[in-house]
Colleague: 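Attaching a single structure in structure tokens format; questions to follow.
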Amino acid sequence: MSGSTKKVAVIGGGLGGLAAACVLGARGHEVTLFDKNDWVGGKAAVFSEGGFRFDMGPTILTVPRVLERIFAEADRDMSDYLDLRRLDPQWRCFFEGGASVDLVENVDAMAADMDRFAPGVGAGEGYKKFQRMSEHLHGVSERFFFWKAVEDLFDTINVRANLNPTTLRDVMSLRMGQTVAGTIRSHVKDERLSQMLDHFTQYVGSNPYGSPAVLCAIAHMQSADGVWYPMGGTRSVAEALAKLAGELGAKLRPSTDIVGLDIRNGRVGGVRTASGDTETFEAVVSNMDSIRTYRELVGGETGARYDRKGFEPACSGVVLYLGLNKRYDHILHHDFVFSRDAHEEFDYIYKRGEPAPDPTAYLCAPSFTDPSVAPEGGEALYVLVHTPYLRPHHDWSKMFPTYRQTILDKLKRTAGMEDIEERIVVERHLTPQDIHERYKVLNGAIYGLASHGRFLGAFKPGNRSRDVQGLYLAGGAAHPGPGMPMVMMSGWIAADALDQDARGDGLKRAS
């Protein structure tokens with residue numbers, strides 16, 4: 001094997017790990033991907049019963065150009081692997097008291113709808129100004145954060161090369177010290193519409209009252225690049241990446257749990273399996289939670305130091321998979337059923353560490369787009385309610401039945417689904433404890449690490465380890481963070497950093 005071609009292990013077959021395997025395979029490296037589960041795809045798993053098919057994890061695909069770039073690495077056309085359908089309206093929003101509004105892609109049309117929904121408060125013009133600010137933040141993010149191995153502010157800006165007026169203006173425009181919620185409310189004065197916009201931060205499992213304003217960039221990413229549904233469900237994204245990785249020579253080894261790294265003189269030399277074997281590799285990409293990677297796979301003082309850094313897990317959630325014998329015609333593919341009080345809801349989840357008494361529920365009703373998910377006339381309804389990450393006193397085996405009823409009562413009261421319990425013919429669920437055990441995430445956190453902190457909350461552990469040579473990190477708990485496009489981008493970045501290190505010429509391709 002030449003000096004620039006490496007034998008690489010990818011630990012974890014989530015979307016980040018699969019993306020890394022594809023990029024590394026396309027660039028000529030010898031890749032073996034391990035996953036402790038008997039499938040690859042991580043949270044992008046599928047559950048089928050009684051003619052119903054449910055995506056178990058992510059359901060909203062945005063920024064498809066990230067996927068396109070991964071396939072382009074292998075000179076493949078993504079459309080040969082995936083059939084993506086653009087959804088507009090993107091969401092339907094239900095509020096206490098019976099009001100509803102659709103989030104539509106076109107900014108001017110959305111602004112006009114906002115003025116009709118909340119007349120006399122300038123909501124439409126405020127939304128257009130918010131979107132212009134969001135577009136600028138998106139551009140800054142593309143220049144400084146995306147497609148680069150980043151751990152802190154010093155990785156984003158080369159002071160000597162970039163200390164110029166343009167760069168300084170970009171840095172100042174990041175609105176450091178301001179939060180998402182505060183920024184939204186300075187533009188859009190109606191609390192219901194502000195609550196709708198708050199939920200862009202739920203892609204990253206974080207509190208809009210505690211997250212840095214740069215995350216407002218998500219709004220423009222969604223309006224500009226759209227919301228998409230892959231026919232067959234988001235599971236088909238994992239299947240397409242797994243197919244591509246296999247075509248590029250990657251060996252996929254599900255049902256193989258990696259429990260440690262073989263580290264000698266500060267460098268990765270291989271991986272240790274749960275069966276007691278040590279297998280030799282020259283580099284490792286870990287798609288396992290970054291903090292658990294350092295704590296459990298690296299261990300020692302390095303693992304202890306990452307524990308001491310105090311990274312906060314993002315929120316967890318309760319997911320209901322409900323096979324209904326009749327679909328609801330008044331809901332769309334994606335819906336939010338909002339809490340009565342956003343501040344109260346986020347205070348419970350992120351500060352008190354307890355389930356919100358009146359939560360927001362996200363609904364995915366995919367038969368609207370893809371009739372194959374349910375028997376004719378039925379619905380494979382996915383219901384997600386965010387909860388705190390696991391605390392020591394949480395016993396979800398006892399908490400779940402009561403909270404399930406809280407969720408169903410919310411849908412009856414606010415979303416016009418009064419007879420939902422009579423329509424259920426198939427039901428399964430996941431709790432934060434289930435998520436913790438199933439996916440090796442930190443304290444059941446769905447979205448990796450929280451993006452809290454007004455100044456540096458957007459930063460996550462870097463994709464190129466500063467502690468262990470030859471170790472690279474991907475996934476929602478690594479830069480640039482959670483959400484389907486960002487997780488896949490993290491896999492690309494980790495693979496690119498490894499490849500450029502192997503070739504000895506830095507990150508030239510990441511610009």
Side-chain angles (χ1 to χ4, degrees), residues 6 8-29 31 33 40-42 44 58 61-78 81-82 138 141-151 155-156 203-204 221 225 228 234 237-238 240-250 283-288 290 293 448 458-465 471-503 505-511:
K6 299 295 183 185
V8 181
V10 177
I11 302 172
L15 295 177
L18 287 169
C22 291
V23 174
L24 289 166
R27 297 194 187 180
H29 298 281
V31 179
L33 182 146
V40 296
L61 175 62
T62 60
V63 200
R65 55 194 165 83
V66 175
L67 262 174
E68 291 169 354
R69 185 165 181 170
I70 292 165
F71 281 92
E73 287 278 348
D75 294 321
R76 308 293 172 90
D77 188 334
M78 181 185 72
Y81 294 76
L82 288 165
H138 183 191
S141 296
E142 289 280 358
R143 289 192 290 279
F144 291 111
F145 296 105
F146 294 165
W147 307 106
K148 299 177 182 180
V150 165
E151 182 153 336
D155 286 330
T156 68
Y203 288 148
V204 298
M221 292 165 68
D225 291 322
W228 300 81
T234 49
V237 175
L241 290 173
K243 179 181 179 183
L244 177 62
E247 290 172 355
L248 297 172
V284 168
V285 175
S286 178
N287 185 213
M288 182 174 159
S290 59
T293 295
F459 291 103
K460 303 289 185 290
N463 311 97
R464 178 192 281 109
S465 175
L471 173 62
Y472 303 82
L473 300 172
H479 175 77
M484 287 183 74
M486 298 299 101
V487 164
M488 291 185 286
M489 187 188 294
S490 79
W492 186 97
I493 296 169
D496 183 75
L498 189 161
D499 178 62
Q500 297 304 321
D501 290 348
R503 300 177 193 282
D505 57 355
L507 279 173
K508 293 177 182 175
R509 295 195 195 187
S511 57

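Everything numeric in this text was worked out from a predicted model, so none of it was measured. FYI, side chains are in, hydrogens and waters are out, and symmetry mates aren't considered; it's all heavy atoms of this structure.
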Colleague: Using a 4.5 Å cut-off on heavy atoms from C-beta on, say whether the side chain of Trp228 contacts that of Thr62.
Modeller: no
Colleague: Considering all heavy atoms of both residues, which atom of Val63 and which atom of Pro485 are nearest to each other, and what is their separation?
Modeller: CB-CB, 3.8 Å
Colleague: Output the distance between atom SG (Cys22) and atom CZ (Phe71), rounded to the nearest 0.5 Å.
Modeller: 6.5 Å
Colleague: Measuring only between side-chain heavy atoms, which start at C-beta, is Pro461 closer than 4.5 Å to His479?
Modeller: no
Colleague: Quick one: closest heavy-atom pair of Val487 and Pro482, and the distance?
Modeller: CG2-CA, 4.0 Å
Colleague: How about Val31 and Val10: do any of their side-chain heavy atoms sit closer than 4.5 Å?
Modeller: yes
Colleague: Using a 3.5 Å distance criterion without hydrogens, assess whether the side chain of Thr234 forms a donor-acceptor pair with backbone atoms of Pro58.
Modeller: yes
Colleague: Do Met486 and Met221 have side chains that get closer than 4.5 Å, going by heavy atoms?
Modeller: yes
Colleague: Taking the side chain as every heavy atom from C-beta outward, state whether Leu67 and Leu241 have any atom pair closer than 4.5 Å.
Modeller: yes
Colleague: Could you pull out all residues at least two apart from Glu247 that satisfy salt bridge (charged side-chain N to carboxylate O under 4.0 Å, His left out)?
Modeller: Arg76
Colleague: Counting only N and O atoms by type, is there a donor-acceptor contact under 3.5 Å from the side chain of Ser286 to the main-chain atoms of Leu473?
Modeller: no
Colleague: What is the distance from atom CG of Leu18 to atom CG of Leu244, rounded to the nearest 0.5 Å?
Modeller: 10.0 Å
Colleague: What's the shortest heavy-atom distance between Met78 and Pro64, and which atoms?
Modeller: SD-O, 4.2 Å
Colleague: Between Val66 and Met489, what is the shortest heavy-atom contact and its length?
Modeller: CG1-N, 3.7 Å
Colleague: If we check side-chain hydrogen bond (donor to acceptor under 3.5 Å, both in side chains) with Tyr472, which of these qualifies: Asp499, Asn463, Asn287, Asp501?
Modeller: Asp501
Colleague: Provide the closest heavy-atom pair for Ser490 versus Gly16 in the form atom of the first, atom of the second, distance.
Modeller: OG-CA, 4.5 Å
Colleague: Under the criterion side chain to side chain contact (heavy atoms under 4.5 Å, CB included), I'd like the reasoning laid out for Leu498 against Val285: C-alpha separation, chi angles, the key distance, then a yes or no.
Modeller: CA-CA 8 Å; Leu498 189 161; Val285 175; 3.9 Å; yes
Colleague: Do the non-hydrogen side-chain atoms of Met488 and Leu61 ever get within less than 4.5 Å of each other?
Modeller: yes
Colleague: Which heavy atom of Ile70 sits nearest to which heavy atom of Ala19, and what is that distance?
Modeller: CD1-CB, 3.6 Å
Colleague: Compare all side-chain heavy atoms of Leu248 with those of Leu24 and state whether any distance is below 4.5 angstrom.
Modeller: no
Colleague: So do Arg27 and Asp496 actually touch side chain to side chain, heavy atoms under 4.5 Å?
Modeller: yes
